[in-house]
Amino acid sequence: MSRIKVMSKTLANRIAAGEVIERPASVVKELVENSIDAGATEIIVEIERAGNRLIAVSDNGCGMDDEDALLALQQHGTSKLLHENDLNHIMTLGFRGEALPSIASVSKFRLATRQADNPGGIQVDCDENGNISTRPYGGAPGTRIEVRDLFCNLPARKKFLKSTATEEHHIEEIFSMMALAHVEISFKLILDGRISLFTPASGKLDYRLREIFGKSFVDNMLFFEHREGDMHFSGCVAAPGFTRPSRRDQRVFINSRPVESQAVFRGIKEGYATLAEPGRYNPVVIFMEMPPEDLDVNVHPAKREVRFKMEYAVSRAVSAAVSGALRQMRTPEKTAIATDPLLTLSGKLPLSLVLDSAEISYHPATAEQPDLPVAPIRQSVADVKLPLPPMPEKKPVKPVDLPPVDEPEKNIEPPEAGTVLPATVSPMVKPVTMAAFSGFWPQRVIGVIDRTYIIAESANGLVLIDQHAAHERIMFEKILARYSGGNAERQQLLIPETIELSRAMIKLLEGNRELFEKLGFDMENVGGTTVIVSSIPLVPGNHQPVAQWISDMLNELLEHGSIHGALPAEIAAGAACKAAIKAHDELSMENMEVLIEQLKNCRQGTLCPHGRPTMIELSNRELERRFGRK
């Protein structure tokens with residue numbers, strides 16, 4: 001008997017759904033893309049319980065007749081790709097014909113559609129087992145698709161979904177990307193009965209950016225337009241100093257399709273060159289228009305990745321576009337105040353306008369300036385030449401048989417039984433293979449190297465302490481202790497600070513308000529993209545701007561998911577890293593001693609939260625070996 005059998009249609013659709021539909025946001029993406037391809041000028045998305053209960057997308061597009069509505073649920077049924085040659089000239093967002101049958105196979109699916117020239121339409125219902133029923137539909141022209149109980153027949157996939165706040169953030173992110181790519185379409189997103197985002201059709205990118213990300217974001221962006229050969233670039237790039245901890249805010253659109261491309265990211269990095277901060281990413285929004293035959297969008301089932309025929313040429317063109325936009329900072333725009341009423345109301349003027357309007361008058365002095373008193377130059381300790389003591393006469397030394405030296409006992413006390421050490425977290429940096437410190441604890445501070453490594457003396461030699469890693473471990477354990485006790489120390493701000501976040505980040509912040517309150521933040525959303533911060537955690541040595549601190553923590557939270565009740569170690573590690581003193585920060589001898597004493601009281605003071613050692617030892621034996629004494 002043959003062992004190979006053809007899969008059933010239902011099973012094949014469920015397997016395909018695993019590639020196309022990763023989470024509720026994937027459903028939103030596929031359905032909104034279909035609405036855009038249908039020529040809709042108004043798209044409304046309704047979400048209940050982060051898409052687990054309901055995802056509904058309504059549009060006023062061209063609609064479908066009865067036959068097309070049924071064919072749309074068939075595997076590879078599409079109206080966008082009919083011939084083999086069309087694969088080289090793809091201009092629509094969808095073309096595979098997999099989205100609707102894949103979604104219908106893992107949910108309770110309903111499609112209602114009517115064409116404008118038809119008095120009646122059709123409603124198609126499909127359950128998770130593939131059973132289809134139809135009935136007449138008399139709604140408005142266009143299409144409405146409802147997806148209920150997503151992954152109802154795939155409990156394993158449903159179990160791996162993140163929290164409600166995280167899934168809603170992904171939905172808002174996808175929705176915002178679509179809204180950015182099509183400023184000529186009106187978009188409305190409704191979450192649990194409340195309007196989360198509404199962007200009327202304006203045709204202007206800066207207006208839509210302000211609606212989605214806030215005015216502060218737009219004020220820090222430089223708009224540009226660049227053409228090179230058959231490629232046309234437009235959009236905006238962030239001014240130097242305006243950065244994010246991840247590449248999440250580097251948004252790229254190719255022929256109105258949101259994509260991820262290493263060639264484009266490489267061009268962005270080269271365009272900023274030395275203006276880029278190490279470990280940080282400048283937000284950009286780049287729109288590329290190029291002939292469809294010069295790229296391949298049929299790479300990934302979710303259509304996120306593309307390939308170019310000439311990647312080097314694309315990277316070079318992107319780099320030229322970004323660097324050209326950055327050169328705008330040297331070109332004063334004298335009409336900025338007159339053309340932008342929001343700039344006038346904000347009271348903030350570009351530095352170029354201030355310098356251009358300044359007048360400098362110079363008059364030579366009539367009298368000679370008297371000599372200024374000069375303080376005597378103190379001779380530094382390094383310049384003082386001390387007389388060397390006379391060298392003692394060398395006397396012959398008889399070889400002496402010394403008794404073997406016992407290995408010194410280690411004085412690092414093990415943790416108490418049952419104690420869970422928060423030292424091993426998911427590493428956010430490359431893991432270090434070096435073993436943890438196991439020597440004698442440092443006793444006396446001797447000095448510092450490069451304002452980074454503290455030199456201390458122990459009973460067995462020298463100990464080098466990384467001041468950043470050491471303080472990071474101290475802050476990490478303090479944050480965990482304060483959070484678990486629910487009594488985080490707060491620092492009340494004398495003047496509450498107003499910050500602006502994107503609407504997706506605002507929603508993520510609202511969904512994790514309890515976590516931020518336990519950490520010591522007091523924040524209030526005053527509407528739109530604006531948040532007022534009245535208090536922050538009392539973290540000694542933290543000089544990070546409040547807006548950047550909160551933005552980085554939200555990105556860290558998004559990276560590792562939202563967990564209520566217990567603070568994720570990754571989030572605590574990220575907060576500790578940002579609050580700790582940095583390499584090359586100058587510390588007094590007293591501060592160094594306090595740092596080592598606090599490190600000694602930590603549960604695991606020899607490793608930073610990322611797994612790197614906080615200190616290393618150069619034993620007396622190692623020193624003697626290096627100097628050839630033994």
Side-chain angles (χ1 to χ4, degrees), residues 29 88 90-91 93 170 173-174 176-178 180-181 205 209 213 217 220-330 427-430 502 548 551-552 555-556 558-559:
K29 174 181 178 294
N88 299 323
I90 297 175
M91 292 300 295
L93 297 177
H170 285 290
E173 178 68 19
I174 288 291
S176 300
M177 293 283 279
M178 295 297 176
L180 280 178
L205 177 62
L209 285 172
F213 300 111
F217 182 91
N220 285 281
M221 303 302 284
L222 305 170
F223 290 83
F224 71 93
E225 190 168 354
H226 178 78
R227 185 177 293 277
E228 188 160 333
D230 292 334
M231 294 180 286
H232 177 260
F233 299 87
S234 62
C236 56
V237 300
F242 186 60
T243 62
R244 293 288 187 265
S246 68
R247 192 177 275 138
R248 222 177 275 276
D249 278 345
Q250 291 188 347
R251 307 168 196 275
V252 179
F253 302 86
I254 300 180
N255 294 343
S256 299
R257 182 192 305 276
V259 299
E260 297 177 0
S261 170
Q262 293 302 319
V264 177
F265 292 146
R266 185 166 56 249
I268 294 172
K269 183 178 180 180
E270 293 173 355
Y272 274 95
T274 57
L275 297 176
E277 297 181 21
R280 306 284 297 184
Y281 299 88
N282 298 83
V284 300
V285 179
I286 295 181
F287 297 92
M288 299 173 53
E289 299 293 335
M290 60 189 308
E293 58 270 14
D294 289 345
L295 74 158
D296 183 8
V297 298
N298 189 24
V299 177
H300 191 277
K303 304 183 288 290
R304 287 195 299 259
E305 301 175 10
V306 295
R307 291 176 183 170
F308 301 99
K309 284 187 177 180
M310 302 180 64
E311 285 199 358
Y312 175 75
V314 172
S315 296
R316 184 182 59 187
V318 171
S319 176
V322 172
S323 60
L326 294 174
R327 283 195 294 270
Q328 293 181 17
M329 294 186 298
R330 302 177 181 272
M428 288 174 285
V429 296
K430 185 178 180 180
S502 67
Q548 182 177 325
S551 176
D552 288 358
N555 278 279
E556 194 72 35
L558 184 63
E559 187 73 22

**Report entry** Nearest non-hydrogen partners of Ala317 and Glu228, listed with the distance
**Finding:**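 Closest pair (atom of Ala317, atom of Glu228, distance): CA-OE1, 3.6 Å.
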Query raised in the report: Taking it one step at a time, do Arg266 and Ser261 satisfy side-chain contact (heavy atoms from CB on, under 4.5 Å)?
Result: CA-CA 9 Å; Arg266 185 166 56 249; Ser261 170; over 6 Å; no
Query raised in the report: Does a salt bridge link Asp249 with Arg247, judged by any charged N lying under 4.0 Å from a carboxylate O?
Result: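 Salt bridge absent between Asp249 and Arg247.
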Query raised in the report: Angle class for the Phe287/Phe253 ring planes (parallel below 30°, perpendicular above 60°, tilted otherwise)?
Result: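 Ring orientation of Phe287 relative to Phe253: parallel.
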When rounded to the nearest 0.5 angstrom, what distance separates [atom1] in [X] from [atom2] in [Y]?
X      : Y      : atom1 : atom2 : answer
Arg227 : Phe233 : CZ    : CZ    : 10.5 Å
Phe213 : Leu180 : CZ    : CG    : 5.0 Å
Glu289 : Met231 : CD    : CE    : 12.5 Å

For the side chain of [X] and the backbone of [Y], is there at least one donor-acceptor N/O pair under 3.5 Å apart?
X      : Y      : result
Lys29  : Met178 : no
Asn255 : Met290 : yes
Ser315 : Ala263 : yes

Report task. For residues Asn282 and Val237, determine if any side-chain heavy atom of one lies less than 4.5 Å from a side-chain heavy atom of the other. Result ->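 They are not in side-chain contact.
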Query - side chain to side chain contact (heavy atoms under 4.5 Å, CB included) partner of Met288, chosen from Leu295, Val259, Val264, Val306 - result: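 Among the candidates, only Val264 passes.
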Query raised in the report: side-chain contact (heavy atoms from CB on, under 4.5 Å) between Glu173 and Arg251: does it pass, once the steps are laid out?
Result: CA-CA 11 Å; Glu173 178 68 19; Arg251 307 168 196 275; 2.2 Å; yes
**Report entry** Evaluation steps, side-chain contact (heavy atoms from CB on, under 4.5 Å), between Val318 and Ile286
**Finding:** CA-CA 9 Å; Val318 171; Ile286 295 181; 4.2 Å; yes
